Colleague: 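Starting off with a structure, shown below.
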Number of protein chains: 2
Amino acid sequence: MWYIVYNMSQFGAFVRDRRERLRREDSRFSVRQLARRLGVEPSYLSKVERGETAPPSEAKIVLLAKELNEDPDVLLAMAGKVSSDLQEVIRKRPELFGQLIRELKDMPEHAVLRLVREVRDGRW
Amino acid sequence: MWYIVYNMSQFGAFVRDRRERLRREDSRFSVRQLARRLGVEPSYLSKVERGETAPPSEAKIVLLAKELNEDPDVLLAMAGKVSSDLQEVIRKRPELFGQLIRELKDMPEHAVLRLVREVRDGRW
DNA sequence: CTAAACGTGTACTATGTGGTACATAGTATA
DNA sequence: TATACTATGTACCACATAGTACACGTTTAG
């Protein structure tokens with residue numbers, strides 16, 4: 001159970017760090033103003049950043065990623081989530097993608113990347 | 001929102017069908033006895049099968065799949081879920097697997113299967 | 001024929017999720 | 001020194017999830 005708390009504060013700390021960096025050059029990145037753009041209360045964003053509460057919903061995390069110029073999948077992963085559109089791909093062909101992902105689970109980064117490139121380049 | 005109800009009853013109907021098939025030859029597959037093996041109340045399993053309530057938790061669905069000799073990933077997909085171990089694989093390398101899955105999303109079955117085989121046969 | 005086993009209806013509940021609302025206290029600025 | 005903005009602490013809440021408990025009438029097997 002502790003690793004969830006760990007993830008939570010990791011997520012919050014990361015968001016805080018990115019926001020404060022941006023804030024140094026742009027006052028639109030105060031807790032209040034960012035919260036407003038996300039459509040949440042400032043106190044809530046503050047709690048999230050301090051890891052006092054769990055990360056927000058997927059929709060808010062995606063908005064947050066856009067504001068902070070970060071990869072939504074990465075931010076979602078830090079929050080212990082997987083993007084619902086990826087989940088949908090798996091749900092549509094569960095045997096196929098289940099098998100594939102389990103097969104690739106422990107493959108080194110470069111091998112999977114090569115695979116991605118080959119597929120993208122239409123060699124399949 | 002309706003498609004959730006649709007999924008729900010699809011899941012329930014499927015479970016009921018499989019259970020009743022097995023029951024014809026084995027009285028251990030009554031609602032009561034199966035529920036007992038799953039560790040839930042019979043009335044709950046009954047409601048799930050009739051689509052009157054949402055599908056159970058991931059853990060119960062996996063047990064159910066074993067009892068019914070069905071693929072857990074398929075049953076989970078019917079319940080609108082993705083196995084948490086697959087999610088964990090994605091969460092550990094979100095950019096990599098995000099990219100891969102989106103790339104393969106619309107690929108025909110046989111192409112992906114070929115990929116799986118090639119990987120499994122160690123050609124990577 | 002009857003007792004055990006069966007499926008289901010109704011009512012209830014603990015825990016988690018995803019926040020809001022408002023009060024308080026510090027900080028910068030003019 | 002006022003005032004205006006900032007972050008944070010405290011209290012609360014609606015809805016979802018994942019079920020339990022038990023009574024009821026029905027079916028079935030010995």
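Note that the structure is predicted; figures quoted are calculated from it, not measured. Order of the sequence lines sets the chain letters (A, B, ...), proteins ahead of strands, with each chain counted from 1. Computation of the quantities below employed the complete heavy-atom set of this structure, encompassing side-chain atoms and omitting hydrogens, waters and symmetry-equivalent molecules.
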Colleague: For the pair made of CD in Glu41(B) and C1' in dG9(C), what is the distance, rounded to whole Å?
Modeller: 14 Å
Colleague: Tell me: CG of Leu38(A) to C1' of dG18(C), nearest whole Å?
Modeller: 14 Å
Colleague: Taking all non-hydrogen atoms of both residues, which atom of Pro94(B) and which atom of Lys92(B) are closest, and how far apart?
Modeller: CD-C, 3.5 Å
Colleague: For Leu64(A) and dG18(C), give me the distance from atom CG to atom P, rounded to whole Å.
Modeller: 15 Å
Colleague: I'd like to know if the side chain of Ser27(B) pairs up with that of Arg23(B) as donor and acceptor (distance under 3.5 Å, no hydrogens or angles considered).
Modeller: no
Colleague: Any sub-3.5 Å donor-acceptor pair from Glu58(B)'s side-chain atoms to Ser84(B)'s backbone N or O?
Modeller: yes
Colleague: For Leu38(A), is there any backbone N or O sitting under 3.5 Å from a side-chain donor or acceptor partner on Lys60(A)?
Modeller: yes
Colleague: Other residues, nucleotides and ligands only: do more than 12 of their heavy atoms fall within 6.0 Å of CZ on Arg36(B)?
Modeller: no
Colleague: Assign each of Arg50(B) and Ser27(B) to its nearest nucleotide of DNA chain C by heavy atoms, then name whichever residue's nucleotide is nearer the 5' end.
Modeller: Ser27(B)
Colleague: Can you tell me how far C1' of dA21(C) sits from CG of Leu45(A), to the nearest Å?
Modeller: 16 Å
Colleague: At 4.0 Å (heavy atoms only), tell me whether Arg36(B) reaches a base, stays on the sugar-phosphate, or touches nothing.
Modeller: nothing
Colleague: Check this for me: does the side-chain of Ser43(A) come within 3.5 Å of the base of dA21(C) through a donor and an acceptor?
Modeller: yes
Colleague: Taking 5' to 3' order, which nucleotide of DNA chain D is first and which is last to have an atom within less than 4.0 Å of a heavy atom in chain B?
Modeller: dA18(D) to dC22(D)
Colleague: Would you kindly compare Arg32(B) and Lys60(B) by the position of their nearest DNA chain D nucleotide and give the one closer to the 5′ end?
Modeller: Lys60(B)
Colleague: Would you indicate what Gln33(A) reaches in the nucleic acid, counting non-hydrogen atoms under 4.0 angstrom: base, sugar-phosphate, or nothing?
Modeller: sugar-phosphate
Colleague: State whether Glu20(A) and Arg24(A) are salt-bridged, where the test is any N-O pair (Lys NZ or Arg NE/NH1/NH2 against Asp/Glu carboxylate O) under 4.0 Å.
Modeller: no
Colleague: Give me the atom names and distance for the closest heavy-atom approach of Arg19(A) to Glu49(A).
Modeller: NE-OE2, 2.6 Å
Colleague: May I have the distance from Arg23(A) (atom CZ) to dA28(C) (atom P), rounded to whole angstrom?
Modeller: 10 Å
Colleague: Counting any heavy atom closer than 4.0 Å, what does Arg28(A) reach on the DNA or RNA strands: base, sugar-phosphate only, or nothing?
Modeller: nothing
Colleague: Do the side chain of Arg16(B) and the main chain of Phe11(B) share a donor and acceptor less than 3.5 angstrom apart?
Modeller: no
Colleague: With each end axis built from five pairs of C1' atoms, what bend angle do you get for the helix from dC1(C)-dG30(D) to dA30(C)-dT1(D)? Round to 10°.
Modeller: 10°
Colleague: Looking at Asp73(B) and Arg102(A), is any side-chain nitrogen of the basic one under 4.0 Å from a carboxylate oxygen of the acidic one?
Modeller: yes
Colleague: Expressed in angstrom and rounded to an integer, what is the separation of Tyr44(B) atom OH from dG7(C) atom P?
Modeller: 17 Å
